[in-house]
Amino acid sequence: MQQIFNFIFKNSYRMLFLLLLGVSLALTIQSHSFHRSKVISSANYFTGGIYERINSLSEYLNLKEENDQLALENARLKSIIFSTKDTTSLAKNVQIKGVDSANIIVSKVIHNSYNVYENYLTINSGEASGVKQDMGVINSAGIIGIVDHTSKNYATVISILNVKSQINAKIKKSNHFGSLVWNGKNAGFVQLIDVPRLASVRKGDTIVTGGQSVIFPEGIGVGTIDKIFIDNKTNYYTLNIKLFNDMTNLGHVYIIKSKDSDEISNLEKKSTNE
C-alpha cells in the first residue's frame, strides 16, 4: 500500500495533467459535433474490427456443427429425390455392360448387416417387381450380393460379406479366374482364391466378375488387389481384394434379370444328370 502512495505522490503532476486533458477532450467532443462524429466513427471502426475477428473465430469453431447441418440437409434432399415411389423406375443414366435396361430392377436397401459371419441385406422389391431367387444385386460401384428369398414386396440378399458366398471373378487384365469368398474378418475386403500361380498379379490390379455364371454379367467391378498370398503347398494364389463398395453404407441397388438363366440352368442340370 505504501508503494502505491509513493507512486501517486511521485507522479501526481503527470496524473493531474492527464486528468485535466481528459476532461478538456470530453468537453470539446461534447460541445463540437464535428469532433464528436470523428470520435464515434473511430470507435465504430475499432470495435467493428474486433467483432469481425470474433465472428470469424466463432464461424471457424462452429464449422463442424454447420457441416453436420449441411449433411442433414443433403440427406433430406436425397430422400426427396430418391423417394420410395421412385425406386420402381430406372434412372436414365444407369448403364450396365452386357445388360439391357429392361432387365434391371431398381430397389433400395432397407436393412443391412455386415458385422457377423453370415450377413444379409433386405431390399424393398419382391416378386411383384419381378425379383426372383439367384438374381445378382449390384450398384454403381460394384457387386453387392445374390437374391436369396423373396416375398411379394421384399427380398433378402446374401451379401458378399457372407462366409457362404462364392462368386466367380477374374483378374481384369489377364482373365485368370478364381472364386470370390469372404473370410469373415474385415468388411472392406474379400478374398479371391484358387488363382493359378501362372497368373501375373500385382497390387492394385482390378478384379471384376468373370461371367461364368448366369447371375452376374462379365466385367462388373469388385475391387483391387491389396495383398498377395502364396500357398507353397498348392499352385494357387489367394488375393486380398479391397472392395470398391462401402458395404456398411448402401442405398439404391440394381437387380439384374437374366432372361436366359432358366434355359441355361436346365441345360446344365441335364448334362450333370447324364
Side-chain angles (χ1 to χ4, degrees), residues 96 107-123 131-150 154-197 199 201-256 258:
I96 299 173
S107 188
K108 187 177 182 181
V109 175
I110 59 174
H111 180 264
N112 179 18
S113 70
Y114 47 82
N115 54 3
V116 295
Y117 289 114
E118 297 180 13
N119 292 294
Y120 289 85
L121 302 91
T122 304
I123 57 177
V131 179
K132 296 181 180 180
Q133 190 178 37
D134 292 333
M135 285 184 173
V137 181
I138 68 172
N139 65 5
S140 57
I143 64 171
I144 300 293
I146 301 172
V147 174
D148 186 31
H149 295 292
T150 62
Y154 300 95
T156 56
V157 177
I158 301 176
S159 169
I160 56 173
L161 301 182
N162 188 312
V163 293
K164 293 182 178 180
S165 173
Q166 190 163 333
I167 298 170
N168 173 254
K170 67 177 183 177
I171 303 168
K172 185 177 181 180
K173 71 174 185 179
S174 67
N175 287 327
H176 284 93
F177 292 89
S179 295
L180 199 69
V181 298
W182 186 53
N183 61 12
K185 294 182 179 180
N186 192 319
F189 296 85
V190 293
Q191 291 69 45
L192 188 65
I193 62 173
D194 298 334
V195 179
R197 288 280 296 274
V201 295
R202 295 182 62 181
K203 182 177 180 179
D205 285 350
T206 299
I207 304 300
V208 297
T209 53
Q212 291 190 353
S213 73
V214 295
I215 297 175
F216 294 103
E218 182 180 2
I220 301 297
V222 176
T224 56
I225 298 176
D226 179 66
K227 291 182 180 178
I228 302 169
F229 301 96
I230 301 174
D231 188 344
N232 293 323
K233 296 180 181 180
T234 67
N235 291 322
Y236 298 100
Y237 288 114
T238 293
L239 309 177
N240 207 42
I241 310 302
K242 184 177 181 181
L243 292 169
F244 289 139
N245 261 315
D246 178 1
M247 293 296 294
T248 67
N249 183 23
L250 297 174
H252 283 74
V253 295
Y254 308 123
I255 306 160
I256 303 171
S258 175

* Y237: partners by side chain to side chain contact (heavy atoms under 4.5 Å, CB included), with sequence neighbours left out -> V195, R197, V201, I228, I230, L239
* Pairwise distance CD1(I110) to OH(Y154) - rounded to 0.5 angstrom -> 5.5 Å
* Structure fact -> So CG of L180 and CG of L192: to nearest 0.5 Å the spacing works out to 6.0 Å
* Asked: Can you list the residues that meet the side chain to side chain contact (heavy atoms under 4.5 Å, CB included) rule with A155, with sequence neighbours excluded?
  -> I123, V131, V147, T150
* Would a 4.5 Å heavy-atom cut-off, applied to side chains only, mark Q133 and D148 as touching? -> yes
* **Side chain proximity check, K108 to V253, heavy atoms < 4.5 angstrom** => no
* Asked: Measuring from I144:CD1 to L243:CG, what's the distance to the nearest 0.5 Å?
  -> 9.0 Å
* Asked: Can I160 and N245 be said to form a side-chain contact (heavy atoms from CB on, under 4.5 Å), step by step?
  -> CA-CA 11 Å; I160 56 173; N245 261 315; 5.9 Å; no
* Which heavy atom of D194 sits nearest a heavy atom of S179, and at what distance? -> OD2-OG, 4.3 Å
* Structure fact -> In short, S165 meets S159 closest at the heavy-atom pair CB-O, 3.7 Å
* To do: Give the C-alpha distance, both sets of side-chain angles, the deciding distance and a yes or no for side-chain contact (heavy atoms from CB on, under 4.5 Å) between Q212 and K170.
  => CA-CA 10 Å; Q212 291 190 353; K170 67 177 183 177; over 6 Å; no
* Any pair with a residue in residues 173-191 that passes salt bridge (charged side-chain N to carboxylate O under 4.0 Å, His left out), sequence neighbours left out, goes on the list, sorted by first then second residue, please. => K173-D205
* Asked: Should F189 and N183 be marked as a side-chain contact (heavy atoms from CB on, under 4.5 Å) after you check the CA-CA gap, both sets of side-chain angles, and the distance that decides it?
  -> CA-CA 9 Å; F189 296 85; N183 61 12; over 6 Å; no
* Structure fact -> Looking only at heavy atoms, the pair that brings Y114 and A187 closest together is O-CB, 4.2 Å
* For residues E118 and V163, determine if any side-chain heavy atom of one lies less than 4.5 Å from a side-chain heavy atom of the other. => yes
* To do: Side-chain contact test, heavy atoms from C-beta onward, threshold under 4.5 Å: evaluate it for I207 versus I171 and give yes or no.
  => yes
* Measure the spacing between CD1 of I146 and CD1 of I255 and express it to the nearest 0.5 Å. => 13.0 Å
* Structure fact -> Distance col, row I143:CD1 vs I256:CD1, nearest 0.5 angstrom, shows 10.0 Å
* Between E218 and G210, what is the shortest heavy-atom contact and its length? -> CG-O, 3.8 Å
* To do: First locate atom CD1 of I158, then atom NZ of K164, and finally report the distance between them rounded to the nearest 0.5 Å.
  => 8.5 Å
* Identify the heavy atoms of N112 and N249 that sit nearest to each other, and give their distance. => ND2-N, 4.4 Å
* Tell me, do I215 and I167 make a side-chain contact under 4.5 Å, heavy atoms counted? -> no
* **Residue pair P196 / H176: nearest heavy atoms and the distance that separates them** => CG-CD2, 4.3 Å
* Asked: If you draw a 6.0 Å radius around CZ in F229, do more than 12 non-hydrogen atoms from other residues or ligands fall strictly inside?
  -> yes
* To do: Please examine the side chains of T238 and K227, heavy atoms only from C-beta on, and report whether any two atoms are closer than 4.5 Å.
  => no
* Asked: Given side chains that start at C-beta, do those of N162 and Y120 come closer than 4.5 Å, heavy atoms only?
  -> yes
* Heavy-atom side-chain contact between F244 and T206 under 4.5 Å -> yes
* To do: Would you sort out whether K203 and D226 count as a side-chain contact (heavy atoms from CB on, under 4.5 Å), showing the intermediate values?
  => CA-CA 5 Å; K203 182 177 180 179; D226 179 66; 4.2 Å; yes
